[in-house]
Amino acid sequence: MKKYQPEVFEEKWLDWWEKEEVYKTSPLASEPERKKQYVLSMFPYPSGAGLHVGHVRIYTGTDVLARFFRMSGNLVLHPMGWDAFGLPAENAAIKAKKNPLEMVPENIANFKRQMKRLGFSYDWDKEFTTTEPKYYRWTQWLFIQFFKMGLLYKNEVPVYYCPSCKTGLAEEEVLPDGTHERCQQPITRKTLPQWLFRITSYADRLLEDLKELDWPEGIIEMQKNWIGKSVGAEVNFPLKKIPGVRFSYKFVKVFTTRVDTLFGVTALVVAPEHWLIEDIEHQQVKLPKEKFAEIKDYVEKAKRKLDLTRTDLEKEKTGVDTTLKAIHPLTNEEIPIWVADYVIGWYGEGAVMVVPAHDERDFEFARKYRLPIRKVIANPEAKDGELSQALTKFGVLVNSGEFSGLTSKEAIEKITEKLQTLNLGRKKTTYKLRDWIFSRQRYWGEPIPMVFCQNCARKKITYWDIQREKKSFQFENEELSNLYGWFPVSESDLPLKLPYISSYEPAETGESPLSRIKEFLEASCPNCGKPAKRETDTMPNWAGSCWYFLAFPFWSKKDQSKSQEVTSKEAWKAMMNHYQSWLPVDWYLGGAEHAVLHLLYSRFWVKALSDLGLLTFREPFVRLRHVGMVLAEDHRKMSKSFGNVINPDDVIKEYGADALRLYEMFMAPFSSEIAWSTKALQGCYRFLKRVWELYNRVNWDQVAKNSKENLKLVAKLNRTLKKVTEDIPQIKFNTAVASMMEFLNEYEKNPQGLSKARAKKFLQILAPFAPFLTEEIWRGIFKEKKSIHLSQWPEFETVTEEEIEIPVQVNGKFRATIKIHLSKIKNLNEIKRESLKIEKIKRYLKGKEYEVIYIEGKVINFVHQ
RNA sequence: GCCGGGAUGUUGGAAUUGGCAGACAAGCAGGACUUAAAAUCCUGUGGUCGAAUAGACCGUGAGGGUUCGAGUCCCUCUCCCGGCACCA
């Protein structure tokens, strides 16, 4: 008999499948009666290291789904592409002293070779890389559409900067101790103009639409928290006038969710970034020398801290009294104003009211600096006298003037109303979500297709002054003035190609290296035609991954006309008219590390595109499922430095691709983190080997003549068919595999027990997991002409078994089972009689009175005192 | 601290969603084959008491509760993993 040697036949089938175009995407329009399934895994960044066994897990998961749906008569879109722009690629290239333009294709080639070898059923005609101009011309075009609708603006934003390397840095290049990871020198911040996306305008819809998604609970929760909606009130505290001083603003605004505690305010705290502090720094407000120095010193220190350091290492609250005062809007009392770095400039109004009696943090702060603590909420649990901790619960107001006696809930409404009539406050909603910085001062990204004209800027001309298009969003004054003279590159000039340059390390000024390329920099103004400068910032890694799932439906390497030759609204609409019915993505599988950013950004783009009339749906991913991480055998992360990395190539060489695939599906529930085990992999290999040997051993001509099948085995087969059919769309791959193993254990005991037709059914359900072995038997032994992967998924026959077993309990404890004919399942007397025939049960019930509880077909329970 | 997920034999895990806990796999032990080893096959394998494949009791992180019946539901607590973190 032939031995199971996967290396002998696996590669052969790869060629056949390619030649026969087994995994080609069917045109959707041709068969409107068939359901579509768009099956997608988060596409990889192709690093030099090649595929990780963790990649194999997720891609096998989508592959099993895709194969299952394909065999079940659905039209399947199952593509793969490469997310190759971004910092990791650039840094890897710097290290290897290569240009990423050369390095990326090498990495892709290796990834692709490994994926093909694993038998993933991608339609490779749909492959693209985010770094090809043919792709990123659309990324740039989308940027321009978003700009035109007013979704982008420019603002000064601090970036991390390494004074020693003279380069701008990404947050991930900064170590937790505030030093640069490459040179270990301390970093600072530098303020540079950046493009920002107005994602906050979509906060409510991003929150609201979470309801319609079939996503893991945890992810939905994390997105909610990230958006962080909170409803409360804005309160204006007028500044106490100082003769001869003009403050930049009349009020210190604070945001609070507990306006009911307003009468308990004993101080205000502003962030070091607050405008009031700037007033002090610019000496608009004269303070005594020592006080000025103290504040300046405190603020300087805070600014130098990273957000990380400021929050992580500063457990003890610190602050400085500015000696300035504000006026309480309702009591007219004077309230001291402090500065403290626990208040963050970008959340709320960058200032808070301190209510020590009813907020834990404020309580701590007040104790340290001996601020008065004033109780304004009565709480039945709290005794009178000095508070030992803050009372944060809702209650009834006391010491609150006309509002005393109201409940917190009523008071929040009444006090807000009162403030509103006084023009000193209003109802307000804030979000944790911030606008999204979309500029990178880096080489390896899509060039931002914008041009700046000094001449037009001087004349205060914006894009909307010269175009009829209306913007959908209102700009604040400063935001608009920052856009004077900025115009998008003409759409017909796209792609704006990233130039090949030999030295692409970040520039000394913190600017992008593109700023040094004269030919790139120089442009003419789309409005007045005078010399202008190109934007030299590039887009972040997210840009390509925010819409790649929209591109797969229309993408074709062979037929380039599908993705159109020009970038224009008409071209986009033409593509979408044809291919949009593939969208949205039906099954999106990926790691939990993308729970927030990638998934939120993609949702945002889709909503904006839908508002622009460029898409007809509002959510990109109908179903999201998690894949758990694969750890090394020692339960640590796989890492070269630990020497515990498993290379898929080695595994395939020794056990074959089928065994690796099967093991990755069997190892644990798909979403669980799991440690690699070569021993357990060998178990899967043995299983496949036994399948091979069984199908080779049986004399199929003989079986065909033998009309008597083993009914028990047939029933077992049908149970297995059912189990696998139901488990796959529930992403319960591990139990699907287990049930097939169970079946094989039975089948081996009686290899003549199934007809050829039934034996083939088992092969078919195994096919998504082990595509090579099953194809080899399907065509080799059963002489089928067409691939097993294009065969029809087997229906299971409902076999109602004649007899069922019912557990018998006494006082809820399992004691025995009885067998009962299915026709008698409703007959309690019969079941009781059968149960009482058992010696053991008789013994337990001897001389006792009892009741009987019978749950039809499930259990009978005798209950006595 | 907050949010989310989890804790089941020696190990990974299963349990029809409230009805026979430990499927399937790994490991281990014993046996067969072999000069021997590997591979393969067979048998056993939660714990305690028992000669027992007789039977009994205990057993799903800990404690309590609901129920005829709890790994599954409720309350309290412990520990582990992931995310966020002075969020007003």
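Convention: sequence-line order gives letters A, B, ...; per-chain numbering from 1. Computation of the quantities below employed the complete heavy-atom set of this structure, encompassing side-chain atoms and omitting hydrogens, waters and symmetry-equivalent molecules.
- Between Tyr4(A) and Glu693(A), the side chains place no donor N or O within less than 3.5 Å of an acceptor N or O (distance only, hydrogens not considered).
- Base orientation of G4(B): anti, since the glycosidic angle falls outside 90° of 0.
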Quick one: which protein N/O atoms are closer than 3.5 Å to N/O atoms of nucleotides 55-59 of chain B? Pair and distance per line, please.
from	atom 1	to	atom 2	distance (Å)
A56(B)	OP1	Tyr844(A)	OH	2.6
C57(B)	OP2	Arg815(A)	NH1	3.2

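- Distance check on atom C1': C3(B) versus U16(B) gives 33 Å, rounded to whole Å.
- Between Arg361(A) and C87(B) there is a side-chain N or O to OP1 or OP2 distance below 4.0 Å.
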Under 3.5 Å, which donor-acceptor pairs link side chains of residues 667-678 of chain A to any protein atom two or more places apart or in another chain?
from	atom 1	to	atom 2	distance (Å)
Trp676(A)	NE1	Thr678(A)	OG1	3.1
Ser677(A)	OG	Ala680(A)	N	3.0

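- Residue contacts shown for Lys722(A) are absent, as no nucleic acid heavy atom lies under 4.0 Å away.
- Annotated as anti: U48(B), whose O4'-C1'-N torsion sits more than 90° from 0.
- Ring pair Tyr369(A)/Trp338(A) is tilted by interplanar angle, where 30° to 60° counts as tilted.
- The separation between Glu633(A) atom CD and U11(B) atom C1' is 12 Å, rounded to whole Å.
- A salt bridge does not link Glu746(A) to Arg719(A): none of the charged side-chain nitrogens sits closer than 4.0 Å to a carboxylate oxygen.
- For G65(B), the glycosidic angle deviates from 0 by more than 90°, giving an anti base.
- Aromatic ring pairs are classed by plane angle as parallel below 30°, tilted from 30° to 60° and perpendicular above 60°; the pair Phe762(A) and Phe743(A) is tilted.
- Distance from the side chain of Pro669(A) is smallest to G13(B) among A88(B), G13(B), C86(B).
- A salt bridge is absent between Glu364(A) and Arg361(A); no separation between the charged side-chain nitrogens and carboxylate oxygens falls under 4.0 Å.
- A salt bridge is absent between Glu7(A) and Lys653(A); no separation between the charged side-chain nitrogens and carboxylate oxygens falls under 4.0 Å.
- Separating the C1' atom of G1(B) from that of G12(B) is a span of 34 Å, rounded to the nearest Å.
- Distance check on atom C1': U66(B) versus A70(B) gives 10 Å, rounded to whole Å.
- For Phe251(A), there are no ring pair (Phe, Tyr, Trp, His ring centres under 6.0 Å) partners at least two apart in sequence or on another chain.
- With C1' as the reference atom, G6(B) and C41(B) are 39 Å apart, rounded to whole Å.
- In this structure, the CD atom of Glu273(A) is 14 Å from the C1' atom of C86(B), given to the nearest Å.
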Validation: residues 227-239 of chain A side-chain donor-acceptor distances under 3.5 Å, sequence neighbours left out:
from	atom 1	to	atom 2	distance (Å)
Lys229(A)	NZ	Asp204(A)	OD1	2.7
Ser230(A)	OG	Tyr347(A)	OH	3.4
Glu234(A)	OE1	Arg426(A)	NH2	3.2
Glu234(A)	OE2	Arg426(A)	NE	3.4

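- Ionic pairing of Asp727(A) and Lys722(A) is not present here: no N-O contact between side-chain nitrogen and carboxylate oxygen is shorter than 4.0 angstrom.
- One atom, NZ of Lys224(A), and another, P of A85(B), lie 19 Å apart when rounded to the nearest Å.
- Between the side chains of Tyr844(A) and Arg815(A), at least one donor-acceptor pair of N or O atoms lies under 3.5 Å.
- Classified by interplanar angle (parallel below 30°, tilted 30° to 60°, perpendicular above 60°), the ring pair Tyr655(A)/Tyr685(A) is perpendicular.
- Counting to the nearest Å, the P atom of A39(B) and the OH atom of Tyr685(A) are 12 Å from each other.
- The side chain of Lys432(A) sits closest to C84(B) out of C3(B), G12(B), C84(B).
- If you check every strand for non-hydrogen atoms under 4.0 Å, Thr256(A) touches sugar and phosphate atoms only.
- In RNA chain B, consecutive stretches of 3 or more Watson-Crick or G-U wobble pairs with both distances under 3.5 Å are given as paired ranges: B:1-7 with B:78-84, B:10-12 with B:24-26, B:27-32 with B:40-45, B:46-49 with B:55-58, B:61-65 with B:73-77.
- Comparing G65(B) with A29(B), their P atoms sit 44 Å apart, to the nearest whole Å.
- For the pair His598(A) NE2 and G83(B) C1', the computed distance is 18 Å after rounding to whole Å.
- Ion pair Glu208(A)/Lys211(A) flagged as a salt bridge, since at least one NZ, NE, NH1 or NH2 atom sits closer than 4.0 Å to an Asp/Glu carboxylate oxygen.
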| field | Nucleotide-resolved protein contact map, nucleotides 16-25 of chain B, B/S/- at heavy-atom distance under 4.0 Å | value | ---BB--BBS
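- The pair Lys716(A)-Glu742(A) meets the salt-bridge criterion, since a charged nitrogen lies less than 4.0 angstrom from a carboxylate oxygen.
- One atom, CD of Glu364(A), and another, P of C87(B), lie 11 Å apart when rounded to the nearest Å.
- Comparing the P positions of G4(B) and C73(B) gives an interatomic distance of 15 Å, to the nearest angstrom.
- Toward the 5' end of RNA chain B, the nearer of the two residues Phe255(A) and Val863(A), judged by each one's closest nucleotide, is Val863(A).
- Computed from coordinates, the Leu624(A) CG to G4(B) P distance equals 18 Å when rounded to whole Å.
- For the pair Glu693(A) CD and A39(B) P, the interatomic distance rounds to 15 Å; values are reported in whole Å.
- Annotation: C74(B) and G18(B) have their C1' atoms spaced 13 Å apart (nearest Å).
- Here, G19(B) and G83(B) have their P atoms 35 Å apart, quoted to the whole Å.
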